[in-house]
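In the text below, chain A, chain B and the rest are named by the order of the sequence lines, each starting its count at 1. Source: prediction; values computed, not measured.
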Protein chains: 4
Amino acid sequence: MKERKKETILMTSLKLFSKNGFHATTIPNIAKEMKMSVGNIYNYFPSKNNLAKCAIKFSSSILASTLRKINNKNLTSKEKIYEFTKSYYEIIEISPEIIEYFLRVYLSNRSMFDDENDKGFDLAKDFVDEVERLLSDGINKQELKKQNFYVSFSIFIGALGGLTFLNGEKALEEKPIQYAKEISESIYNALKI
Amino acid sequence: MKERKKETILMTSLKLFSKNGFHATTIPNIAKEMKMSVGNIYNYFPSKNNLAKCAIKFSSSILASTLRKINNKNLTSKEKIYEFTKSYYEIIEISPEIIEYFLRVYLSNRSMFDDENDKGFDLAKDFVDEVERLLSDGINKQELKKQNFYVSFSIFIGALGGLTFLNGEKALEEKPIQYAKEISESIYNALKI
Amino acid sequence: MKERKKETILMTSLKLFSKNGFHATTIPNIAKEMKMSVGNIYNYFPSKNNLAKCAIKFSSSILASTLRKINNKNLTSKEKIYEFTKSYYEIIEISPEIIEYFLRVYLSNRSMFDDENDKGFDLAKDFVDEVERLLSDGINKQELKKQNFYVSFSIFIGALGGLTFLNGEKALEEKPIQYAKEISESIYNALKI
Amino acid sequence: MKERKKETILMTSLKLFSKNGFHATTIPNIAKEMKMSVGNIYNYFPSKNNLAKCAIKFSSSILASTLRKINNKNLTSKEKIYEFTKSYYEIIEISPEIIEYFLRVYLSNRSMFDDENDKGFDLAKDFVDEVERLLSDGINKQELKKQNFYVSFSIFIGALGGLTFLNGEKALEEKPIQYAKEISESIYNALKI
DNA sequence: TATGAATGAGGCTTCATTCAT
DNA sequence: TATGAATGAAGCCTCATTCAT
């Protein structure tokens with residue numbers, strides 16, 4: 001149950017951080033949202049920074065496991081890209097904070113996450129590894145073009161993030177998921193052999 | 001000369017904001033970097049928020065004019081995409097702050113930029129308009145696929161930004177510009193008819 | 001057994017207070033050191049302040065009884081001074097907290113110990129009384145000079161404390177007890193007729 | 001004038017620290033006492049700890065220079081001890097905080113003053129050096145007994161401090177300075193050949 | 001225009017103490 | 001008795017902004 005409450009705090013923080021940004025979210029904000037006292041949060045997390053770091057780990061692990069499940073299916077690369085794109089925008093619909101968090105907090109506070117234990121980007125390593133698996137698998141199956149991993153990664157994840165950004169800007173006319181088919185096809189075209 | 005000094009302040013702020021983030025950059029930091037007094041900055045910009053907003057306008061105008069020049073050339077869409085990709089990563093090499101600023105400041109502080117006068121994303125309208133011009137021009141010339149603008153925008157700008165992110169993470173082995181050819185081809189493949 | 005546990009808490013507090021100071025020692029610190037719960041400490045002592053006050057009483061009573069035993073012996077004043085000096089530095093070697101406590105906690109938090117019941121210094125009254133007994137006894141036996149009690153007290157106890165201070169500063173080359181002979185002789189010379 | 005204000009802050013802090021102890025004195029307390037804003041104090045001293053450390057340096061330098069002047073006079077050791085005792089209790093009468101500070105703050109927060117730059121006790125080095133000069137000078141002139149420096153230091157400074165303590169406890173019937181003659185004679189007797 | 005000292009609200013964090021179990 | 005999660009007041013410190021010079 002202690003673990004349970006820790007997770008609740010994490011989810012609430014994730015939500016507020018992703019809605020308002022790291023600096024604009026105060027510990028009292030989080031406490032109030034949870035109807036919990038300020039001090040008690042510190043019984044679960046030693047600092048606001050640590051809370052933000054755990055949130056990164058948490059949300060990147062969701063993305064990683066989502067993609068892992070897809071990678072484990074017996075699908076073509078094209079299908080996998082589509083499946084992940086769909087899942088990604090489903091997450092945005094249900095728990096937008098999981099993805100928004102990267103844009104709002106991680107991107108702009110990277111240095112905050114660097115310390116002797118974690119190397120910043122490593123926090124998302126599991127997810128990056130799964131992307132690599134998807135890509136190298138497609139290359140092996142001669143479905144995808146053999147090209148620099150960073151380029152493919154940028155195309156794939158950059159495109160997904162780009163639409164997320166536009167969604168956050170309220171620039172889209174439809175919900176992101178409506179664009180899933182179209183965007184995943186474009187991504188596929190960029191990566192295919 | 002007043003205009004001249006205003007611009008110096010802007011450039012310095014842009015540099016510091018993009019290096020350290022908006023909240024981690026203080027007005028005294030900026031003043032010190034310029035060997036100017038804190039108070040005097042307020043003779044040129046009414047607030048720190050306003051400074052950040054002007055910085056957005058400034059840096060998006062650079063991107064916009066860069067792309068405008070390319071659009072005005074007599075080139076195929078493929079060439080234009082390549083040209084802009086190159087320019088984009090050249091900017092990153094010479095003045096990374098112009099691009100980093102979006103990642104560090106704009107993305108995570110959007111609400112800050114919303115007020116009665118500016119609608120946030122509108123700050124980058126000029127640039128978005130040029131992207132649209134590039135794309136619709138390609139469609140007209142039957143070089144690019146006719147598809148939802150937001151999807152194409154996400155692919156194009158998302159991919160460029162994705163690599164910038166990886167560069168910021170020190171995840172790349174080469175300078176971003178080394179990937180320009182490869183990434184612009186992928187983008188083209190994603191968008192072509 | 002309740003009394004027994006109470007004493008254990010007291011000893012632990014005394015140790016931590018004297019090692020780290022009153023404010024730097026928290027109730028959770030004490031609880032953890034004892035493998036006891038925070039709340040349970042409050043079943044034995046009503047407050048942290050009270051704990052500190054009891055610790056003073058406890059440690060001054062040790063000094064008082066040590067000196068009382070010496071006073072009850074059939075010794076010259078010179079011998080008594082030497083005996084007490086030795087005992088004092090033995091205590092420092094075995095349980096430095098008993099003496100350090102005065103320096104770390106009592107001296108700098110006197111006001112804390114003043115309330116309607118106790119008058120601060122009175123906490124050490126037993127000990128002060130024994131010092132007085134030693135001195136007046138020496139005067140009666142025409143061994144010690146008849147002089148103002150506070151002056152003699154300052155010389156005697158001040159000198160012992162001075163060396164304790166230097167020991168705490170790690171300024172001494174030997175253990176305090178090595179200086180016992182020399183220092184007690186000096187004290188005697190200061191007080192003798 | 002900036003230096004002047006810095007000194008005023010120092011004196012005020014010294015006064016409050018010595019009256020109430022380090023932890024019981026808050027920065028707002030100090031600010032209020034000076035009719036100054038909290039933030040402004042930080043324009044002069046980077047932290048509360050640093051303020052306390054500067055106060056140590058300041059007050060030990062006063063003691064050091066007082067004793068240095070006496071050492072430079074052509075006096076017997078007995079006279080020097082008397083002179084310094086008098087000065088010491090004069091300081092207590094006029095600016096008790098200078099001496100009380102050691103008892104209230106330094107003694108009980110030593111570890112606070114230890115860092116890579118200052119070694120705690122070194123803060124008082126100037127003063128300790130002057131005491132050594134007084135003593136070795138007396139030994140050379142065959143007025144004082146050749147004995148361990150730490151022992152003599154403890155007798156001399158311990159005795160002075162002992163009476164200060166009693167004064168702080170309001171245990172004395174007269175002002176400390178009334179005891180100067182008597183106490184300096186006892187000290188001399190302890191140290192003489 | 002330029003300076004930089006001054007202000008004070010507000011954020012993070014700590015910890016004595018309580019209380020439900 | 002014993003536990004330890006929960007409370008919330010209070011402290012240190014930062015920094016955007018102002019203003020007297």
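When side chains are defined from C-beta on, A:L63 counts as touching A:I99, because their heavy atoms get closer than 4.5 Å.
The distance between atom NE2 of D:H23 and atom P of E:dC15, rounded to the nearest whole Å, is 9 Å. Rounding to whole angstrom units, CE of residue C:M34 and P of F:dT1 are separated by 14 Å. Look at CE on D:M36: it is 5 Å from P on E:dA6, rounded to the nearest Å. Note: CG (C:L51) to C1' (E:dT17) measures 14 Å, nearest angstrom. Computed from coordinates, the A:L16 CG to E:dG11 P distance equals 14 Å when rounded to whole Å. Rounded to an integer number of Å, the gap from A:I30 CD1 to F:dA6 C1' is 17 Å. The nearest whole Å value for the distance from the NZ atom in B:K6 to the P atom in E:dT1 is 12 Å. Between B:Y42 atom OH and F:dT17 atom P the separation is 4 Å, expressed in whole Å.
Side chain of D:K48, nearest nucleotide from F:dC12, F:dG4, E:dT7: F:dC12. When distances are taken from the side chain of C:N40 to each of E:dG11, F:dT1, F:dA16, the shortest belongs to F:dT1. Checking E:dC12, F:dA16, E:dT18 against every side-chain atom of B:I27, the shortest atom distance belongs to F:dA16.
Within the shown strands, E:dA20 is the pairing partner of F:dT3 under the Watson-Crick or G-U definition, both distances less than 3.5 Å.
In terms of position along DNA chain E, the nucleotide closest to B:S37 lies nearer the 5' end than the nucleotide closest to the other residue of the pair D:I41 and B:S37. Between B:N49 and A:N43, the one whose closest nucleotide on DNA chain F sits nearer the 5' end is A:N43. Nearest-nucleotide assignment on DNA chain F puts the 5′-proximal partner with C:K5, out of B:T25 and C:K5. Each of B:K35 and A:V38 has a nearest nucleotide on DNA chain E; the 5'-most of these lies closest to B:K35.
At least one cation-pi condition fails for C:K15 and C:Y101: the charged atom is not both under 6.0 angstrom from the six-membered ring centre and inside a 45 degree cone around its axis.
Looking at every heavy atom in both residues, B:T25 comes nearest to B:N20 through OG1-CB, 3.8 Å.
Between the C:R104 side chain and the C:F17 main chain, no donor and acceptor come within less than 3.5 Å of each other.
Between A:Y106 and A:F113, the distance separating the two ring centers is shorter than 6.0 angstrom.
Counting non-hydrogen atoms under 4.0 angstrom, B:Y44 reaches the backbone sugars and phosphates but no base.
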